[in-house]
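By convention in this document, chain letters (A, B, ...) are assigned in the order of the sequence lines, proteins followed by strands, and residues within each chain are numbered from 1.
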There are 2 protein chains.
Amino acid sequence: MDIFREYNIKCTKQRQIILDIIKNNNGITIKEINELVKKEINLSTIYRIIELFLNKEIITKKIVDNVVIYELKEKTHNHYFSCNKCHKKTIIPKKDIENFENKIIMNNDYEVTSHNIEFRGICSKCKGK
Amino acid sequence: MDIFREYNIKCTKQRQIILDIIKNNNGITIKEINELVKKEINLSTIYRIIELFLNKEIITKKIVDNVVIYELKEKTHNHYFSCNKCHKKTIIPKKDIENFENKIIMNNDYEVTSHNIEFRGICSKCKGK
DNA sequence: ATTTAAATGCAAAAAAATTGCATTTAGGAG
DNA sequence: CTCCTAAATGCAATTTTTTTGCATTTAAAT
């Protein structure tokens, strides 16, 4: 993987494993990571790698349902709608976000440098059930 | 305070103190709370009260700068624009939020049950400087 | 292939969170 | 207002989570 080169950090087996896990699970706890790799990676190493990834801003730390989880920090900064039933995420079209942001700017003369937008609810597929 | 009656929980001195602290600090850690009240309230009581408040949804748990903080859960659920320079918050008009949410729903047939929207940047006053 | 700074594993320590139980207290009943 | 009881608190002990020091291993540059 080139993400290690990109961030100028050593590429180790342990780091790759943990990065892959975080990539493949959208939102995972330390405990869960440990469950998955306890045979191959020492817990203190997990902590050290998580901290490294946080510092390099490869991942972010969040709270979901009052639990701390870690997830990949996406560069392409999308915004999602998360279904509470099937837990699937769907991207909110960038245009919608932009239009919204433009409205905020126009109405208030702000210079917007960052935003955080998330919607939760029931998706169309789960709605019928 | 009537918040205790409203949520149907006993009103104790300790709960009042902690609620007031959370009210007066926007975003505080357990450690900080403990520092403030260690002479009057036992740490395990603090944990128990925080958990109660979370369960009753009087407060929420968040991550700010990779640290877990607790803050009052506002009923009037406003959305803010925060200025990075003067750190002042201004409310984004509810209408704007609603229009945006309606668009998301219309375009995708979702049932939106909650959202989280925050903008950051430079406000008009700080822009000139 | 060799070298070396950095990363890992392991054990031990420190810090954070939870628990059981004796004591205290809020708040309803009389 | 006083009494009563279930619930809340304090305290000490435990459990869980996170951090640390150091010996060993490893990535990657030479």
Side-chain angles (χ1 to χ4, degrees), chain A residues 1-23 25 27-72, chain B residues 1-23 25 27-72:
Chain A
M1 275 305 156
D2 281 331
I3 198 162
F4 295 113
R5 185 155 299 157
E6 187 183 332
Y7 285 93
N8 205 34
I9 56 180
K10 257 194 199 169
C11 169
T12 69
K13 184 164 55 85
Q14 293 87 338
R15 287 175 182 178
Q16 293 216 51
I17 292 170
I18 292 180
L19 184 61
D20 283 343
I21 288 173
I22 294 176
K23 268 187 185 161
N25 292 272
I28 193 163
T29 64
I30 293 264
K31 221 189 268 182
E32 287 165 343
I33 294 171
N34 188 232
E35 282 305 312
L36 294 173
V37 301
K38 65 167 87 173
K39 275 155 203 153
E40 351 171 38
I41 309 178
N42 188 273
L43 181 55
S44 57
T45 303
I46 296 177
Y47 276 107
R48 287 190 273 229
I49 290 175
I50 290 293
E51 205 184 295
L52 175 72
F53 286 178
L54 281 173
N55 286 149
K56 294 287 177 182
E57 298 191 345
I58 295 167
I59 62 173
T60 50
K61 195 173 175 183
K62 275 194 187 178
I63 300 242
V64 172
D65 290 329
N66 291 337
V67 170
V68 174
I69 60 109
Y70 299 91
E71 62 178 37
L72 213 64
Chain B
M1 277 304 161
D2 282 328
I3 199 163
F4 295 112
R5 185 155 299 159
E6 188 183 335
Y7 285 94
N8 205 35
I9 56 178
K10 254 191 199 171
C11 169
T12 67
K13 185 166 53 89
Q14 293 86 339
R15 288 175 181 176
Q16 293 215 52
I17 292 170
I18 292 180
L19 183 61
D20 283 344
I21 287 175
I22 294 175
K23 268 187 186 161
N25 291 273
I28 192 163
T29 64
I30 294 264
K31 218 189 274 181
E32 288 165 341
I33 293 172
N34 187 232
E35 282 305 314
L36 293 175
V37 300
K38 66 167 84 172
K39 274 156 204 155
E40 351 172 40
I41 309 178
N42 188 273
L43 182 55
S44 57
T45 302
I46 296 177
Y47 278 109
R48 287 190 275 230
I49 289 175
I50 290 292
E51 205 183 298
L52 174 74
F53 286 178
L54 281 173
N55 286 148
K56 295 286 175 181
E57 299 190 343
I58 296 167
I59 62 172
T60 51
K61 197 173 171 180
K62 277 195 185 175
I63 301 242
V64 172
D65 289 330
N66 290 337
V67 169
V68 174
I69 59 109
Y70 300 90
E71 63 179 35
L72 214 64

| query | What is the distance from OH of B:Tyr47 to P of D:dG10, rounded to the nearest Å? | reply | 15 Å
| D:dT26 phosphate, OP1 or OP2: any side-chain N/O from A:Gln14 under 4.0 angstrom? | no
| request: Would you kindly compare B:Asn42 and A:Ile49 by the position of their nearest DNA chain C nucleotide and give the one closer to the 5′ end? | output: A:Ile49
| task | For the pair B:Ile30 and B:Tyr70, evaluate side chain to side chain contact (heavy atoms under 4.5 Å, CB included) and give the outcome as yes or no after the intermediate values. | result | CA-CA 8 Å; B:Ile30 294 264; B:Tyr70 300 90; 3.5 Å; yes
| Separation of C:dA7 P from A:Asn55 CG (nearest whole Å) | 12 Å
| query | OP1 or OP2 of D:dT26 less than 4.0 angstrom from a side-chain nitrogen or oxygen of A:Lys10, does that happen here? | reply | no
| Checking B:Asn42 side chain against B:Ser44 main chain: does a donor-acceptor pair fall under 3.5 Å? | yes
| task | Rounded off to whole Å, could you give me the CG-to-P distance for the A:Leu54 and D:dT19 pair? | result | 11 Å
| task | Check the distance between C:dA17's C1' and B:Lys61's NZ and give it to me in whole angstrom. | result | 11 Å
| Residue-phosphate contact under 4.0 Å: B:Arg48 side-chain N/O, D:dA8 OP1/OP2 | no
| message | Is the shortest side-chain heavy-atom distance between B:Cys11 and B:Arg5 below 4.5 Å? | response | no
| said: Can you say whether a donor on the side chain of B:Arg5 sits under 3.5 Å from an acceptor on the base of C:dG27, or the other way round? | reply: no
| request: Among C:dT18, D:dA8, D:dT17, find the nucleotide with the atom closest to the side chain of B:Arg15. | output: D:dA8
| message | Reading DNA chain D from 5' onward, which residue's closest nucleotide shows up sooner: A:Ile30 or B:Ile41? | response | B:Ile41
| query | Looking only at atom types and distance, does a side-chain atom of A:Glu40 sit under 3.5 Å from a main-chain N or O of A:Val37, one as donor and one as acceptor? | reply | no
| message | I want to verify a distance call: between C:dT8, C:dG9, C:dA17, whose nearest atom is closest to the A:Ser44 side chain? | response | C:dG9
| request: Output yes when at least one side-chain N/O atom of B:Thr12 is less than 4.0 Å from OP1 or OP2 of D:dT9, else no. | output: yes
| query | How many Å lie between CD on A:Glu40 and C1' on D:dT25, as a whole number? | reply | 17 Å
| side-chain N/O B:Thr45 vs D:dG10 OP1/OP2, d < 4.0 Å | yes
| request: Could you tell me the separation between the CD1 atom of B:Ile46 and the P atom of D:dA8, rounded to a whole number of Å? | output: 17 Å
| request: May I have the distance from B:Tyr7 (atom OH) to D:dA8 (atom P), rounded to whole angstrom? | output: 17 Å
| said: Students often get this wrong, so: under 4.0 angstrom with heavy atoms, is A:Lys31 touching a base, only sugar-phosphate, or nothing? | reply: sugar-phosphate
| remark: Between the CZ atom in B:Arg15 and the CD1 atom in B:Ile41, the distance rounded to the nearest 0.5 Å is 11.0 Å
| query | Quick one: A:Leu52 CG to C:dA6 C1', roughly how many Å, whole number? | reply | 11 Å
